[in-house]
2 protein chains.
Amino acid sequence: MKALHQPAFWGWSVFNPERNLDFHSVLWVRPEGNCAFDPLPLTEHDLAHLQSLGPLSHIFISNSDHLRDGEFLAAQTGARLWGPLAEKATLNCQAWLDEGDEPLPGLQVFALEGSKTPGELAFLIEGQTLITGDLIRSHRAGQLCLLPDAKLSDKAAAQASVSRLADCLQLQAVLTGDGWPVFREGLLVLKQMIAEF
Amino acid sequence: MKALHQPAFWGWSVFNPERNLDFHSVLWVRPEGNCAFDPLPLTEHDLAHLQSLGPLSHIFISNSDHLRDGEFLAAQTGARLWGPLAEKATLNCQAWLDEGDEPLPGLQVFALEGSKTPGELAFLIEGQTLITGDLIRSHRAGQLCLLPDAKLSDKAAAQASVSRLADCLQLQAVLTGDGWPVFREGLLVLKQMIAEF
């Protein structure tokens, strides 16, 4: 896995030739047990690396299209699989999350509206690191964008939902599930996207 | 390939499990013929993508350890292969570059000292985009660092050599050959590294 912006964060990626961008997954290392977000299949090397960093206790899925290898990794490690409450019908998780939940200390949950699935989640860690699934992404390195209009179920709701995140005043990094992550000036980059709505 | 910070730039990457970071290559698209930098082997998909963007006219190699697939890609495309003048003994290029050269309009060459090879090059494109090989790299996303001391032939010379780059006042992006590229605030991030010398 690759070192991210802070020592507690690691990531792994797979290039997607249909979209010409990388898909990303994140590991958050905590003394009480580590957390994976939208986990792609791990190579043998990355799985060994992940295991060397301590037990995997939780797996968080942002939306039904980002389950990726979540179920397999949960079965393999015994981690608890969490998903969006509004997507219970399309996911097979053990626990569910909605707006305002704080399943672990320092982990704040946002439920976003208007995306291509009903209750996509974004995860804010210690106020500084935002982990996003599909709705907030990057199609140009160093910038953020929303899913293309054609994929949104309600563009105005999606924009309103995302605009709230500008209140995350300590935001440093936006770790996108799809496309280049933003490791510096996260709040500024987010606000630049919102300003173009 | 993946879109980088400006429409003229594309990149492709390979994860290196020994170092737990990605190796990167860059394509600069120009009406007069495109340029590749330190090209890693291309997948069939990325090669077709590269070819769809116009003819590859030049391949630039930053140092002898970053030849990667340069010779094969040059043979495949007819591109001219350029390398560091001080490393003539260990590379088989068609043309050589040294400090202050400008082989194409908008492409400025720096020869760096003190690295693990004698004449490593860095390439500055239109004043905004710095492409680096081994000496300037990233071991933590959003930050830059030098090669570890043990690999430097002359640390003081390497530091002095790199410190000059703080004069690139329009610098936006530092596209590292090894480790996460910096797509925003390139000059600030470079200066932060230099301040810690």
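Within every chain, numbering begins at 1; the chains are lettered A, B, ... in the order of the sequence lines, protein sequences first and strands thereafter.
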(message) Please classify the contact of A:L175 with chain B as side chain, backbone, both or neither, using a heavy-atom distance under 4.5 Å.
(response) neither
(request) Report the option among A:F15, A:F9, A:W12 that has the most heavy-atom pairs separated by less than 4.5 Å from atoms of chain B. (result) A:F15
(message) Please classify the contact between A:H45 and chain B as side chain, backbone, both or neither, with a heavy-atom cut-off of under 4.5 Å.
(response) side chain
(request) Considering only heavy atoms and a distance below 4.5 Å, find which of A:G142, A:P181, A:A141 pairs most often with chain B. (result) A:A141
(request) Would you mind checking which part of A:P7 comes under 4.5 Å of any heavy atom in chain B, side chain (CB onward), backbone (N, CA, C, O), both or neither? (result) both
(message) If you take the centroid of each ring, where Trp contributes its six-membered ring, are A:W10 and A:H49 closer together than 6.0 Å?
(response) yes
(request) Identify the residue among B:K151, B:R68, B:R19 that makes a salt bridge (charged side-chain N to carboxylate O under 4.0 Å, His left out) with B:D178. (result) B:R68
(request) Determine yes or no for a side-chain-to-main-chain donor-acceptor pair under 3.5 angstrom, with B:N34 supplying the side chain and B:L53 the backbone. (result) yes
(message) Between A:D38 (side chain only) and A:S25 (backbone N and O only), is there a donor and an acceptor less than 3.5 Å apart?
(response) no
(request) Heavy-atom distances under 4.5 Å only: say whether B:L4 touches chain A with side chain, backbone, both or neither. (result) both
(request) Give, as side chain, backbone, both or neither, the part of A:N16 having an atom under 4.5 angstrom from any heavy atom of chain B. (result) neither
(message) Regarding B:Q6 and B:Q128, do their side chains bring together a donor and an acceptor under 3.5 Å, going by distance alone?
(response) yes
